[in-house]
There are 6 protein chains.
Amino acid sequence: MPRSIRQMGPSVIMDSFLLRKSIEHFLREDTGAGDITSEAIFFPEQTGEAVFIAKDSFIVAGMEMVAAQVFKIRNPEIETNSAAADGTTASDGDILLKIKGPVLDLLAAERVALNLVQRLCGIATFTAKFVRKVRKFPVRIVDTRKTTPGLRMLEKYAVRVGGGHNHRFNLADGVLIKDNHIAACGSISRAVNQIKERTPHTFRIEVEAETIKQVRECLDCKVDIIMLDNMDIPTIRKAAKIVNGKATLEVSGGVKLKDIKKIAEAGIDIVSIGALTHSAPACDISMRFSASV
Amino acid sequence: MPRSIRQMGPSVIMDSFLLRKSIEHFLREDTGAGDITSEAIFFPEQTGEAVFIAKDSFIVAGMEMVAAQVFKIRNPEIETNSAAADGTTASDGDILLKIKGPVLDLLAAERVALNLVQRLCGIATFTAKFVRKVRKFPVRIVDTRKTTPGLRMLEKYAVRVGGGHNHRFNLADGVLIKDNHIAACGSISRAVNQIKERTPHTFRIEVEAETIKQVRECLDCKVDIIMLDNMDIPTIRKAAKIVNGKATLEVSGGVKLKDIKKIAEAGIDIVSIGALTHSAPACDISMRFSASV
Amino acid sequence: MPRSIRQMGPSVIMDSFLLRKSIEHFLREDTGAGDITSEAIFFPEQTGEAVFIAKDSFIVAGMEMVAAQVFKIRNPEIETNSAAADGTTASDGDILLKIKGPVLDLLAAERVALNLVQRLCGIATFTAKFVRKVRKFPVRIVDTRKTTPGLRMLEKYAVRVGGGHNHRFNLADGVLIKDNHIAACGSISRAVNQIKERTPHTFRIEVEAETIKQVRECLDCKVDIIMLDNMDIPTIRKAAKIVNGKATLEVSGGVKLKDIKKIAEAGIDIVSIGALTHSAPACDISMRFSASV
Amino acid sequence: MPRSIRQMGPSVIMDSFLLRKSIEHFLREDTGAGDITSEAIFFPEQTGEAVFIAKDSFIVAGMEMVAAQVFKIRNPEIETNSAAADGTTASDGDILLKIKGPVLDLLAAERVALNLVQRLCGIATFTAKFVRKVRKFPVRIVDTRKTTPGLRMLEKYAVRVGGGHNHRFNLADGVLIKDNHIAACGSISRAVNQIKERTPHTFRIEVEAETIKQVRECLDCKVDIIMLDNMDIPTIRKAAKIVNGKATLEVSGGVKLKDIKKIAEAGIDIVSIGALTHSAPACDISMRFSASV
Amino acid sequence: MPRSIRQMGPSVIMDSFLLRKSIEHFLREDTGAGDITSEAIFFPEQTGEAVFIAKDSFIVAGMEMVAAQVFKIRNPEIETNSAAADGTTASDGDILLKIKGPVLDLLAAERVALNLVQRLCGIATFTAKFVRKVRKFPVRIVDTRKTTPGLRMLEKYAVRVGGGHNHRFNLADGVLIKDNHIAACGSISRAVNQIKERTPHTFRIEVEAETIKQVRECLDCKVDIIMLDNMDIPTIRKAAKIVNGKATLEVSGGVKLKDIKKIAEAGIDIVSIGALTHSAPACDISMRFSASV
Amino acid sequence: MPRSIRQMGPSVIMDSFLLRKSIEHFLREDTGAGDITSEAIFFPEQTGEAVFIAKDSFIVAGMEMVAAQVFKIRNPEIETNSAAADGTTASDGDILLKIKGPVLDLLAAERVALNLVQRLCGIATFTAKFVRKVRKFPVRIVDTRKTTPGLRMLEKYAVRVGGGHNHRFNLADGVLIKDNHIAACGSISRAVNQIKERTPHTFRIEVEAETIKQVRECLDCKVDIIMLDNMDIPTIRKAAKIVNGKATLEVSGGVKLKDIKKIAEAGIDIVSIGALTHSAPACDISMRFSASV
């Protein structure tokens, strides 16, 4: 069961610079030359209050850190409060966020804020389903680089809110030797040596293995992490026995919710799942104005 | 059934400036300070050939206009060809795109290109399901502003590839009077008059109606488009009879695939569906290098 | 006679994001590496008060929304107040804006603020001349896309302040079928059908007609707006009789102040005039420091 | 009489970086989300040829350096040629520029290119009127910082094409001590000393004088340039006699075409005129497609 | 001996816009996707206090104007105070700046702030060594364009703090005729005439002379500033006698600390030294947290 | 002895996007509104040839990858060739790079290109001095985050050219637990556990130890890398004996050239040296035109 981000500890890489730049860009995309409907109806000084409401049951992610920021970036005078904490479970009808400020700005930011948090709550909720299934095992559910272009930081944050962990943020912050690299070097050991020689000493070395033979080669050259790529459950079990703690073991490739427990039972340390970010269904949230607009 | 973009005609708003800026941003996000693994393995001058392969059956969208561009923006010397045409149907194992160039650049662009087209093909395929159901009716399936922030242009393009049409691109290029606007003005007719007085004469005026009474009010003040918001099928039928061609009729709000035919039969002109863009499942595509890397 | 923007209602599309970005860019252009004269004379903490003064009689546009913003964007600590309301008439010697803050910042923002409002007041004043001539007719004076590159939003705002209305903001927010489009399709009706088939249902369709024959073709295919392009007054009258309310009628092409009343009398709905923005003479405004600097 | 830029020599500060950035911004402003009309009519691969035609008589400025660049920046595959040389005189009907390429790109760049060159030709033509009046005198007609925000480089270029010279580009590349600076320091000599002490030795020092007394003070402290601010012709003559070559003399402030010769006769070196850039009427130019589109 | 910037007067060209943009860029460079170590340890709301401490003796430059700004730009809620004044001398162990705010932000800004001020203090200190040597002579020590790309404004500021003056900021704000220009024109006088004809009247004209013969040519055509390029001391003396006040004299080219006094004694006005910015050794400064983090 | 980059293998993280953006920014900084001297002397079409010449003996770094790029980014038509290979040794008088193209562009790019490569050659040369001293030991010389803001990628590249290796590029691509982190958690083991729990599994964990006691604690909690911070040689030796291969050992803090061999002899794996980037003296390189300009 996902805990609130508070309980999880402070592990929140959500750089405020990058976040602001992204939100400004998203607002511009949706605003175009301005909201021609609302600007013909409302005076700039008219203010109003609105709430975000859950229309479904799900894990909350991003109300304070994302949705509230969208409004504040649109207009710093907008006040937000009572945001549902990240990691808590919302039920249909729950108020998730209160917002107060110029009506024109509330309307200009509404769609961007909703589009973002509906997706983030979806990812947190979907991640939590995997996490719950294996909560008794010492296994991590991690994401991949299969995120929506432009939203990686936000989506990886949502994975953590759902109880998952993160894999590489980009090509620069992790070493992952794949089949192409191995083919180019001629063998796993040559590829590993070349990496050891040339990359900073701060990285662990991860190698993708497609066969038991390759798993053994990885062990021979003291790889830190072995990624078992698209193996079936029996082969995963076999690999786990062979490795037996001598390297961190990661399973990857089309992992389904129904199989996750079996994989955990096989003694795997890490399961990486692209679907966490590319196929999580969006949650249903809507914005409602108080009567008094 | 979706036609190729060729058959559909040239209606493709895909501004090359905006596309380039977005792709540069996406590449930077995934690249970080550089691909530490590949740059330790390959020399800059090593070239290779790769293909994008379908791992599933789906409607193709964006191979030439998006995926190929990602590679060319990463390095203009990369050659691409034989892209599957947008709107055609791909089967498991089909080659969708061929790419040739420096291995380092192919690897640096791979993930961004895949992340984009898997989503775009997903949207086109999902849209086509709705379009097929109503192909015998004079009804348009259209998208909404519920797109992924930062990807609106691309996602609206994919909707068209799937046989759908587009609603507003942003708040500036269409008038849509909603409940808040009506409440602020006191009545539909006042809101409509205010809009007529103040917005450019080039826009048709669309009003959201939640009841039959509001539909009648819309007719009274000669609204161009009436959006029936979250009405059940019987109410939709009733509204259609009342309107009887005196305004364009749009249905919106949680429309499901199973209901789309009934809505079309009721004589509706437009059905707008947020799920086309926020809930289309991603398609499965992978990149494979030729042996010779 | 132009009313204050207050009387006109809230129709003000002046997106705060875009405005800020533009002003930052303009300030950088005029500042270069810094004001070498003033920075050798004044200490950063020296403050002063200044006023903008009219040196002429004209319609005010942009004191609060533009000039004051330039100062605040240069330095958020600058205080501005008592700005003359947009749409009011200023006489020689009138104080238009009061500004208070660090002298270095007042001087660094002065020229940009003046250059902008001198132009905006000029456009509002020039527009008001046309509007006054036809105030008894149900005709709109509208602008075109012949605006100064980089200043479209500001200049279209000034047109509204002068009592005019706006035509398209850009190529994306209005359909206008011109001679090239017609030639490419073979006939007006084919061009119109192609547009109806492919563009969002939210746009009205405008077609440029150069002859009475084309006006009739437009009526035949139920065009929403017919633009009479560069026709003489008698032909305009003839076109208006033929159309007789079956479409919105717009006159365009080198319209002079002396002809505007005759055009209005012919029963035209819209007159679009490029000169409003490309040839309005700048107004004369200067900044004066209070004695105490 | 203005000479072609060729005859004038190479003095053309038109930085290619800055120009490209500006044009990209202008194109984006006019394009919005894309040209919805043309993109529904033309296929991307349709090409055409068009020409820019003079509808009036004027001095050409910017056909090659600006208009042609707009098209090339929109799409590098557009070919341009036969541009009328800067500084030559065009007559009604003259072809100014030939352009060839994809129709969609020609149409997307048309308005921006025209809006720019109509203004630049206007400035060159207006400048040339002043220059012609004083061609027998050793006097320079120069511009000011009263340029259109965002267009300074382009407008100052047009002034040179018309035979004028440039004053400061921005606050960083020239020293100009004005009344506020003098008041803050207590006297002209103190202000001048402070500047001499603190600014780079590469700048000449210019001081604004409003009275004959101030002119004498300027001479006393060996100012390089004295700007006679808003003086009438007799006072200008008197100042010129007093200065008698001991400093460069500049006249500024509301200079009219009818007075320019008298000012030159008084022995002035420089006349700076804000109207060159803020009040030059735009020239009339249009784009026409060849029959074959 | 360098005075505090207060004593030096306000001559500080440090444009706040440019500074902010640069610092944002530097922070992004060092932050990447976020501080993975600290964000796993500290909660966002944990605050702390830290100090910058001198580990050496040097001239302070940039504590308030640069280091404090880095922290405030990272997070405007960070409080800074008690910054050592620019131009004062710090000793080993001195506290230079106090900072208070969220620990995560203090750590994220630390390295950028230190990297900047260590360099700036180094430049001020190195400049002051030259300035001290010639304090009895009416000579200016000035910098060159040999600054670190991206840091020109900051480094030129540090030169002033050390008691030096600035030469050109960029190619646009000063005229410097070098050997290539002279060769292209055929002679110094032709080059000078061409410049006089074409550049704004606000610039003094500087010419690089490599021989006594060229110095005489410079005098003949009334150059404002003569730069003696890479001459030995005797030749410099000879040149100074010939010029004898008829032009400003600048010495340039590999000037060493040991020679500076002899150059000053020769009667030179300006000595420009590239080493001030490209070879000043960095000072040693560190950040220390108070116990209570 | 440094090898050419060819011999070293392909380990070159020099992202082409980031490089281009940086160089464009540097060019803008030095260009300002344009080169007023050269643009008054040369016609745009005048071409010339120039060479970069070593005025000293040093290790070459960045001729092809940086200097040549600066020219090409200024104007893609500039041809460059015969660049001295990175890692080779240049002697006084050696030609390092040949450049050919429009004189105006050669002059506009000259200073930026020189300022960059003088610094990069300096860093490579300084790094090589350390590397040579320990060439017989299995020790890596690595850089730190003490790089010039805005130049990190370039400077870290130069370190590799000199035979060194890289430490973290930014706060996101390596875990380094310092005293503040330890203090905040209460103990090394708690800090390490917290990191293990929260950061991606792809990172090795490095901890800064200031005492032998802390070294033992690091071993107890199986840290991957122990950084011996500011220890004297005897303590370093003691630490190395204790660790005895059970962790990677890094020495950091004010390491001098004279001490590097003793540190290597103690059995250390990594020596990180901030001075490589913050205190390497610039090399002397100049650009000379061929006679024919």
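For the numbers below, each heavy atom of this structure counts, side chains included, while hydrogens, waters and symmetry mates do not. Throughout, a chain's letter reflects where its sequence line sits, starting with A, and its residues are numbered from 1.
Taking chain A as the reference chain and counting heavy-atom pairs below 4.5 Å, the highest number among Arg140(F), Arg168(F), Glu250(F) is found for Arg140(F). With chain F as the partner, the residue from Asp224(A), Ile195(A), Ile270(A) showing the most heavy-atom pairs under 4.5 Å is Ile270(A).
Looking only at distances, a side-chain donor or acceptor of Lys156(F) sits under 3.5 Å from a matching main-chain atom of His167(F).
Atom CG in Leu176(F) sits 9.0 Å away from atom OG in Ser272(F) (nearest 0.5 Å).
Between Glu155(F) and Arg119(F), at least one side-chain N (NZ, or NE/NH1/NH2) sits under 4.0 Å from a carboxylate O, which counts as a salt bridge.
Only the side chain of His165(A) comes within contact range of chain F, with at least one heavy atom under 4.5 Å from a heavy atom of that chain.
Taking each heavy atom of Ile59(F) and Ala124(F) in turn, the nearest pair found is CG2-CB, 4.0 Å.
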